Structure formats: structure tokens, C-alpha cells
Amino acid sequence: MKRTKIKHLLKGEEGEVLVKGWVRTRRDSKGGFSFLEINDGSCFANIQVVAEHTLAEYPAIESQLTTGSCVSVRGNLVASQGKGQSKEVLATEIQVYGPAPVETYPLQKKKHSFEFLREIAHLRPRTNTFGAVMRVRNRLAFAIHQFFQDKGFLYLNTPIVTTSDCEGAGEMFQVTTLDLSNPPSANGKIDYSQDFFGEKTSLTVSGQLEGEIYAMALSEIYTFGPTFRAENSNTSRHLAEFWMVEPEMAFYDLDDDMDLAEEFIKYLLSDVMEHCAEDMEFFNKRIDTTILETLKNITSSSFERLTYTDAIHQLQKSSETFTYPVEWGFALQAEHERYLTEKVFKKPIIVFNYPEQIKSFYMKLNEGGETVRAMDVLLPNLGEIIGGSQREENYDVLLQRMRDKDLDPEQYWWYLDLRKFGSAPHSGFGLGFERLVQFVTGMENIRDVIPFPRTPKHAKF
RNA sequence: UCCGGUGUGGCGCAAUGGUAGCGCACUCGACUGUUAAUCGAGUUGUUACAGGUUCGAGUCCUGUCACCGGAGCCA
């Protein structure tokens with residue numbers, strides 16, 4: 001007989017079934033039977049199994065039917081006599097695959113702090129919260145592909161090991177096979193010509209530049225893969241290894257770029273509310289009681305778009321006192337972004353046309369040369385979730401901007417070639433996947449929305 | 001990396017410088033188609049680590065480590 005997942009069982013017909021999963025709790029009745037709550041991760045809900053103590057194997061396995069143990073249950077799916085559930089399985093045969101001794105099994109049938117669960121990251125997926133987070137994460141990943149595929153974007157795999165330092169910013173993890181205790185040297189420096197790739201290599205911090213290569217041939221592409229930053233960031237919003245989505249589109253200007261970003265976010269939020277309703281109910285009840293209302297509001301209203309200059313005016317005319325100065329030409333600080341999203345507009349905003357000197361070399365210079373066509377999508381309570389721009393397609397302007405920012409044009413020869421041959425206006429953006437999962441679930445710490453978080457001093461599990 | 005905070009039974013927390021307690025979990029018993037079950041009893045500690053002050057340190061001081069919150073960097 002084939003095993004039926006609990007998700008299907010709960011919607012299925014009454015009759016004989018085979019269930020497999022992990023015991024969440026057991027409640028004994030002196031009426032001669034016990035209730036087992038079984039979860040197999042297929043959905044948030046458990047299935048209640050009624051185990052009569054008259055079952056032949058029961059006396060032998062009773063002590064093993066504890067929280068955390070894994071079981072296989074054959075039985076009949078029937079209407080429940082109790083109140084908490086409509087259906088339950090009346091067991092005819094129970095097999096214990098793997099017991100979980102109560103004296104040593106770390107998870108208890110009670111609430112645990114997320115800090116504690118991080119220390120047992122190999123067991124935390126067995127909790128309600130992490131099961132829900134990972135189902136939502138999975139659905140969001142699926143919806144991202146669906147959104148772009150429906151629009152005819154090509155899914156592009158950009159390299160993980162790279163020789164280019166994408167934006168000239170951001171510390172990178174070096175990749176090497178050299179003997180670190182005795183590296184070969186030439187002219188007093190490490191001789192990377194003897195390294196595996198024959199030159200110095202690192203883990204990618206972004207697939208954008210490579211994405212542009214393919215957008216300049218296939219029109220619309222998107223990447224969705226891991227990226228790495230060796231920054232010593234210790235916050236609830238940063239990881240050393242995280243997943244990023246980066247669409248890149250030929251013939252899109254900044255307005256098209258912002259339109260796509262807004263449509264994208266709304267699509268993802270709607271999709272997850274529709275397809276992960278039960279998990280989202282849980283988040284709304286236990287993690288953040290305003291999350292569903294917030295998500296609904298976002299999908300039904302338009303994002304406020306304002307220029308960087310307007311944002312500065314808004315901040316300057318407010319009565320709020322800020323720690324950091326509000327002055328044209330300075331970057332917007334977290335406190336400024338929070339004020340705009342949470343106090344002024346109370347919804348997502350898109351700030352665009354930033355000062356040239358605080359943004360990257362590849363962003364298209366506006367007329368006048370003061371600002372570039374960059375945009376950031378800022379969410380209430382979270383901050384920046386998307387950063388994007390129209391790219392500079394003019395060879396001479398791009399070359400000059402690289403020189404102004406002390407970048408070596410020779411290193412970017414292939415990037416410049418894209419402007420030398422068949423250049424086209426194009427745009428793109430990057431979305432931090434974990435930040436999206438964070439926002440959708442209401443989870444406060446980014447370490448709790450990725451299966452295996454990598455942060456400074458932490459790569460266990 | 002900077003600022004602030006916290007490290008005490010398995011988990012969550014308490015303890016004017018003076019005998020380390022409580023809740024949950026767990027064990028046993030009672031009761032029950034139960035559902036965070038309930039009621040009664042019981043077990044559980046090198047107070048993060050290393051030094052120091054003191055008659056006496058969980059508590060005060062110094063250092064180290066870990067974790068949390070905020071900031072910077074960003075996604």
C-alpha cells in the first residue's frame with residue numbers, strides 16, 4: 001500500500017490509508033487508547049491518529065511513541081468523534097521507524113526561542129514555524145520562476161566563481177587551491193598564475209554584469225542563485241551567503257524597470273497568500289498579527305514613487321529629529337527610509353534618481369550629470385528589498401565614469417564591449433530573496449528564513 | 001566593525017554581596033474522545049570561561065568567548 005501525504009489525507013476520502021511522519025505530541029486516554037499528532041511536512045496541519053492499546057504491537061512500542069519519533073501508521077481514515085479535527089486515522093498497525101528518547105531529544109512539545117533553535121539547526125525544520133517558513137520560501141521561489149517564465153524571460157545561470165569584482169564594492173570570499181601555509185610568490189606577491197584558474201578568483205557578489213551580457217542578446221533574462229559577501233555584517237538583515245534574483249532587460253528604461261519591480265512584488269505576495277494560506281494564517285496568528293493585512297494592502301495599492309531630491313525635501317520639512325544629517329548628496333540612512341515608509345507614506349516606496357557620486361559606475365547618468373537613473377524599493381519595517389537601475393549604454397560616458405571612480409577599464413573590457421558593439425538601453429534590478437521571505441512571513445531575523453544561515457563566525461550545519 | 005544588553009537545571013526566566021528558586025518539559029499517580037489537556041507528587045545546577053576584590057561573589061571589577069538588539073555596509 002502506498003503512503004498518503006497528510007496534505008492529501010485531510011482532503012481525501014474515508015477508507016484504508018498508510019501515513020508516515022514524525023510524532024509531534026501524544027495524549028493518553030485511560031479509555032484504553034492514545035492520540036498521536038503526526039506531521040510529515042506536506043502541510044501545516046497534523047493528522048490525529050487514534051491508537052487503541054489493544055493493538056498487538058502497542059505494549060512493545062508505547063515507550064517509543066514520543067515527541068520526535070518517526071512512525072508508519074496503517075489504519076482507516078474516519079470522521080473524528082472529537083472537536084479539534086474533522087478527520088482522524090484509526091490505527092490498525094503502527095511501526096516505529098526511529099524513536100526519539102525524551103531524555104535526550106532537544107525539541108519539546110512547547111515553544112522554543114529562535115535563538116535556541118539556531119543551535120540545533122538540524123532539528124528545527126521539525127517545528128511548526130520552520131516548516132511554515134520553508135513551505136513559504138519554496139512557494140516564493142516557484143512563483144519567481146513562474147512570474148518571469150510567463151513573461152518570456154530566460155532563466156540564466158551566472159557563474160559562482162568569478163574574477164570580476166562586480167561593483168568595485170563589497171568584500172569577496174577568495175577561492176583558491178594554493179597551499180595557504182606556503183603560497184608561491186613572485187615579486188614579493190602571491191603568484192596567482194599558479195592557482196587553479198591561473199588568476200585570483202572569488203565567489204560572486206552579483207550576477208548582474210554577466211546578466212547584462214545575455215540581455216544584450218536574448219532581450220530578457222533573470223538570474224536566481226546564491227551570492228556571497230564577506231562583509232562583517234552582524235544584523236538581522238544580512239547573510240554572508242544569500243540568494244538573489246536579478247532580472248536584466250534590454251529596451252527597458254527606468255520607468256519600465258520600476259513598473260516591473262512593483263508588478264513582481266505584488267505578484268509574489270498575492271501568490272503566496274493564495275497558495276500558502278494555512279501557513280500564512282499561522283504567521284498572522286503567532287509571528288506578526290498585522291502581516292496579512294499588510295500584504296493585502298500592498299497588493300491593492302500602488303507604490304509611492306518619488307525622486308531622491310523629493311525624498312530629501314520630505315525629510316527636511318519634517319519635525320522628526322534624525323541622528324544623521326539630511327542633506328542632498330548624502331545617502332539615505334535607515335532612519336530616513338523608515339520615516340518615509342512607516343510615517344509619511346505607510347506603504348512601499350520607490351526612490352529614484354539618486355546623486356551620481358553615491359551610486360555605482362554602471363548606472364545611467366541623467367541629463368545634467370548630477371543624478372543617475374537608480375531606484376530602490378523600500379518596504380515598511382524592512383527597508384531596501386530591491387535595488388536597480390537603468391544601465392549606462394553610452395561607451396564614452398561609461399568609460400569616463402569608471403575612471404572617475406578609480407576602476408580599471410581593462411578589467412571590464414568585455415563589459416565595455418557590450419557598449420562598443422550593438423549597445424542598447426537596458427535596465428535591471430536585484431532582489432534579496434531572504435529579505436522577501438522575511439517580509440512575507442514577518443520573521444524578524446534573516447537567519448530564520450534560510451535553511452542553513454552563514455554569518456560571520458558561523459558556518460555550522 | 002562600533003554602541004548597548006544578556007549568559008543561572010533540557011527550555012524560558014527569578015534571586016538588597018550572605019543556604020540558588022519558579023514555570024514548562026520530564027518521571028510517577030489520579031482523571032478524561034484528548035487536542036498547548038487537567039489535578040497531585042517527584043527528579044534535574046561546576047550560575048559561559050579565566051583571573052581579581054571580599055570573611056563571603058550568580059551578584060562587584062578585568063579579560064576572553066558566545067548570543068541578542070541597534071548602527072554602518074548592503075540585498
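Note: hydrogens, waters and symmetry copies are ignored here, and every other heavy atom, side chains too, is used. The sequence lines fix the lettering, A, B, ..., with proteins before strands; numbering per chain opens at 1. The structure displayed is predicted, hence computed values, not measured ones.
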> Starting at the 5' end of RNA chain B and moving along, which residue's nearest nucleotide shows up first, Gln81(A) or Pro106(A)?
Replying inline: Pro106(A)
> For RNA chain B, whose closest nucleotide is more 5', that of Arg447(A) or that of Leu332(A)?
Replying inline: Arg447(A)
In whole angstrom, give me the gap between the [atom1] atoms of [N] and [M].
N: U1(B); M: C39(B); atom1: P; result: 49 Å
N: G4(B); M: U35(B); atom1: P; result: 49 Å
N: U53(B); M: A41(B); atom1: P; result: 46 Å
N: C61(B); M: C73(B); atom1: P; result: 34 Å
N: U32(B); M: A66(B); atom1: C1'; result: 46 Å
N: C11(B); M: G70(B); atom1: C1'; result: 27 Å
N: U8(B); M: C2(B); atom1: C1'; result: 29 Å
N: G29(B); M: C68(B); atom1: C1'; result: 42 Å

Would you say the side chain of [X] and the base of [N] hold a donor-acceptor pair, judged only by whether the two atoms sit under 3.5 Å apart?
X: Ser233(A); N: C74(B); result: no
X: Glu88(A); N: G33(B); result: yes
X: Gln85(A); N: U34(B); result: yes
X: Asp28(A); N: U32(B); result: no
X: Arg435(A); N: C74(B); result: yes
X: Gln48(A); N: U34(B); result: yes

> Would you call the rings of His145(A) and Phe224(A) parallel, tilted or perpendicular if under 30° counts as parallel and over 60° as perpendicular?
Replying inline: tilted
>> Is the ring pair Phe264(A)/Phe429(A) parallel, tilted or perpendicular, if the boundaries are 30 and 60 degrees?
In response: tilted
> Taking all non-hydrogen atoms of both residues, which atom of Thr163(A) and which atom of Lys200(A) are closest, and how far apart?
Replying inline: CG2-O, 3.8 Å
> Closest approach of Leu378(A) and Glu384(A), non-hydrogen atoms and distance?
Replying inline: CD2-CA, 3.7 Å
> Using a cut-off of 4.0 Å on non-hydrogen atoms, how would the nucleic acid contact of Phe116(A) be classed: base, sugar-phosphate, or nothing?
Replying inline: sugar-phosphate
> Which part of the nucleic acid, if any, lies within reach of Leu436(A) when heavy atoms closer than 4.0 Å are counted: base, sugar-phosphate only, or nothing?
Replying inline: nothing
Look at the side chain of [X] and decide which nucleotide, out of [options], has an atom nearest to it.
X: Thr235(A); options: C74(B), A37(B), C73(B); value: C73(B)
X: Ser236(A); options: G10(B), G70(B), U34(B); value: G70(B)
X: Arg27(A); options: A71(B), C67(B), U34(B); value: U34(B)
X: Glu115(A); options: C68(B), U1(B), U35(B); value: C68(B)
X: Glu384(A); options: A75(B), C67(B), A71(B); value: A75(B)
X: Gln108(A); options: A75(B), A71(B), G10(B); value: G10(B)
X: Tyr324(A); options: C73(B), G33(B), A71(B); value: A71(B)
X: Phe33(A); options: G33(B), C68(B), A71(B); value: G33(B)
X: Val102(A); options: U35(B), C73(B), U27(B); value: U27(B)
X: Asn232(A); options: U34(B), U1(B), C73(B); value: U1(B)

Both distances under 3.5 Å, Watson-Crick or G-U wobble: report the partner of [N], or none.
N: A71(B); answer: U1(B)
N: U64(B); answer: A48(B)
N: C28(B); answer: G40(B)
N: G58(B); answer: none
N: G21(B); answer: C13(B)

Calculate the interatomic distance between [X] atom [atom1] and [N] atom [atom2]; express it in whole Å.
X: Arg338(A); N: C74(B); atom1: CZ; atom2: C1'; value: 16 Å
X: Glu119(A); N: G10(B); atom1: CD; atom2: C1'; value: 12 Å
X: Asp448(A); N: C68(B); atom1: CG; atom2: C1'; value: 12 Å
X: Ile450(A); N: A75(B); atom1: CD1; atom2: C1'; value: 12 Å
X: His112(A); N: C24(B); atom1: NE2; atom2: P; value: 15 Å
X: His238(A); N: C74(B); atom1: NE2; atom2: C1'; value: 4 Å
X: Met375(A); N: A75(B); atom1: CE; atom2: C1'; value: 13 Å
X: Glu335(A); N: G69(B); atom1: CD; atom2: C1'; value: 17 Å

> According to the 5.5 Å centroid and 30° plane-angle thresholds, does Phe35(A) stack upon the nucleobase of G33(B)?
Replying inline: no
> Counting only heavy atoms not in Gln314(A), do more than 12 fall under 6.0 Å of its CD?
Replying inline: yes
> Got more than 12 heavy atoms from elsewhere within 6.0 Å of OH, Tyr214(A)?
Replying inline: no
>> With no hydrogens and no angle check, just 3.5 Å: does a side-chain donor-acceptor pair link Gln438(A) and Glu434(A)?
In response: no
> What about His53(A) and Tyr58(A), are their ring centers closer than 6.0 Å?
Replying inline: yes
Respond yes when some side-chain nitrogen or oxygen of [X] is under 4.0 Å from OP1 or OP2 of [N], and no when none is.
X: Asn445(A); N: G69(B); answer: yes
X: Ser29(A); N: U32(B); answer: no
X: Gln333(A); N: G72(B); answer: yes

> Centre of Phe361(A)'s six-membered ring, under 6.0 Å away, within 45 degrees of the axis: is that where NZ or CZ of Lys405(A) sits?
Replying inline: no
